[in-house]
Amino acid sequence: MNAIEVKNLRRVYRTTIGVIRRRVKEVVAVDDISFDVAPGELFGLLGPNGAGKTTTVKMLTTLLFPTGGTAKVLGFDVVKQSDPIRPRIGFIFGGERGLYWRLSAIDNLRYFASLYHVEPEVARKRIPYLLELMRLDGRGQEKVEGYSRGMKQRLHVARTLLHDPELLFLDEPTIGLDPIGARELRQVIRDLQSEKKTILLTTHYMFEADALCSRIAVIVHGRIVALDTPEGLKRHVRDLSVIELEVYGIPPEILDVLRALDVVEAVTVEDRDQKQALLVQSPGGSEAVPEILATLSGLRVGKVIVREPTLEDAYVRLVGGEASP
Amino acid sequence: MIKLSVYARAILASAEMSFRETMTDGFVVFGIFVQPLIIAILGLWMLRDRGGDYAIFVVVGSGLTGLWSSLLFISGNSITHERWTGTLETLVGVPTPLGVIVFGKNLANVLQSMGSMAVSYLLASLLFGYPLTVAEPLLFGISLILTVIAFVSFGLVIAPIFVMNPDVQRWQNGLEFPVYILAGFLFPIALLPGWTTPISYLLAPYWAAQALHLTSSGGGTQTQILVSWGMLLFFSMIYIFVSRVLFRVMLRKARIEATLGLE
């Protein structure tokens, strides 16, 4: 039996627009997705903001009803059998909310231990252990409002491990963390996987998915556009090269001209202080450089590098240049 | 049996959590202690010519105003507050039913509101020098327990209603003073026009006020006290039954409409 089985899952949000003449607007957040997660697997759901990752996690954690399709978690239906699912899973949603800020970390953990039906004598041992595991030991008596974002995130992880769940949903756990905090949290996730826990991780950081996940589903506009191992995803761009160009103040219309060139597959722009990095995926490799530079004539261009594609480039190709790494 | 003990632990944990949270909230401290104190001072001042006999009536009545206000504003907002702080999704996702968690929160709220009665008692005794004696201490204690049960249960009804109907929640302020008057907290309802009496009979706070006034000031017959207790229990059972339905409807609606979180 798979830990997670998702079949043709769909979620539509309905909202009203207008004041006098109110109209119902439908937004398809998750559009007919299917995937399975094996027990003990660390499965990644990778996609840009608004792709439907959090909506998927909320449906799998019984917090949201699907509009269509089915989903089973540990063999139980997420709509009809939410009661047996809840004690067996843990979940965190990225961000700082969801904790009682005016209370200490220990108070927060003691409270959630009671709500997860953890026996008091077990909680007494587990809380100090989890605080140490999350490097919050010595700070447990302090109010959460004084914690940094990274500390709050780690407290969330401690909270979700209180009842030792067999399946974890980690929705963008490293979002907003500094590089060191994010690296530490990724190590915690690796440690959890080594304990044979099943983990569904959502992220929009390609390197994070690459470093942690055994399989990745790339989700864009609510649809899964690719599902493979990180190596398998990289094969999507094996026939391409990436040309990185340093430019200064590139106008959007030039980007459209670039995208229309035969030698160009995808274009993304990253802001780097005063300049921008233009990442052009091209099947032509260095031979395409003159044509690209001709399109950029009149603009100040700095360094030009031609390199092999990475998972990030595969992701950019899959999401059609919408990524914001 | 196992379920009962884990639920009892969850109720106590929620009550403790709520107590720690609310006691650092200025609005709560005002509603529970300062406002009833002002009402007690005004009541005792106005009634000073009637002597000390009436003081216990004012003490109990002003305490009830604190109880009602905190029920309306704190218990009524208990789920909405969790939603605003972003903890509602986490609470809905735990194995303990949300109704059990809110019961614990309401219990803390009602018990700490009882503090306003104690403050009024001390005020009447120390500042105004009234000799305060409770006529029937044992019966008064039972009345207090039944009042706590009725108010906690009522909190379970209004919290989901306020979540599902923000328009109703806007009436919170408007519901505060009419109940002070209609439930006879500070003066007997016999002073009100006759047509308001049936409305009073439909309010659990009226029966709470009856039970507490009759047992503290004395003068009530055994039948009157028993009727008040019976009505408090009757209303409590109705509230608990209705709240179970309301919680089910509210959670189903929230999971369909995606309103557990605010994003």
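Letters A, B, ... are given to chains in the order of the sequence lines, protein chains preceding strands, and every chain is numbered from 1. As the structure is a prediction and not an experimental result, all values here were calculated from the model.
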Chain B contact via A:Ser82 - which portion, at a heavy-atom distance below 4.5 Å: side chain
Can a donor-acceptor pair be found, under 3.5 Å and without considering hydrogens, that links the side chain of A:Thr198 to the backbone of A:Ala3? no
If you count heavy-atom pairs under 4.5 Å with chain B, which of A:Tyr13, A:Phe112, A:Tyr111, A:Trp101 comes out on top? A:Tyr111
If you count heavy-atom pairs within less than 4.5 Å of chain A, which of B:Leu91, B:Leu88, B:Leu251 leads? B:Leu91
With no hydrogens and no angle check, is any side-chain donor or acceptor of B:Asn77 less than 3.5 Å from a backbone partner on B:Phe73? yes
From the list A:Thr61, A:Ile92, A:Asp107, the residue making the most non-hydrogen contacts under 4.5 Å with chain B is A:Asp107
Give a yes or no on whether a salt bridge exists between A:Arg223 and A:Asp31, defined as a side-chain N under 4.0 angstrom from a carboxylate O. yes
Note: A:Arg110-B:Glu16 ion pair, threshold 4.0 Å (strictly below): yes
Lys NZ or Arg CZ of A:Lys58 over A:Phe169 ring: under 6.0 Å, within 45°: no
A:Asp171 bridged to A:Lys53 by N-O distance under 4.0 Å: no
Region of A:Leu99 in contact with chain B, defined by heavy-atom distances below 4.5 Å: backbone
Backbone of A:Ser104 reached by a side-chain donor or acceptor of A:Asn108 within 3.5 Å: yes
Proximity breakdown for A:Leu103 and chain B, heavy-atom pairs closer than 4.5 Å: side chain
Contacting moiety of A:Arg159, where chain B heavy atoms sit under 4.5 Å: side chain
Most chain A-contacting option - heavy-atom pairs closer than 4.5 Å, from B:Met17, B:Glu21, B:Arg9: B:Met17
Is it the side chain or the backbone of A:Arg14 that comes within 4.5 Å of chain B heavy atoms, both, or neither? neither
Check whether B:Ile101 gets within reach of chain A through its side chain, its backbone, both or neither, counting any heavy atom under 4.5 Å. side chain
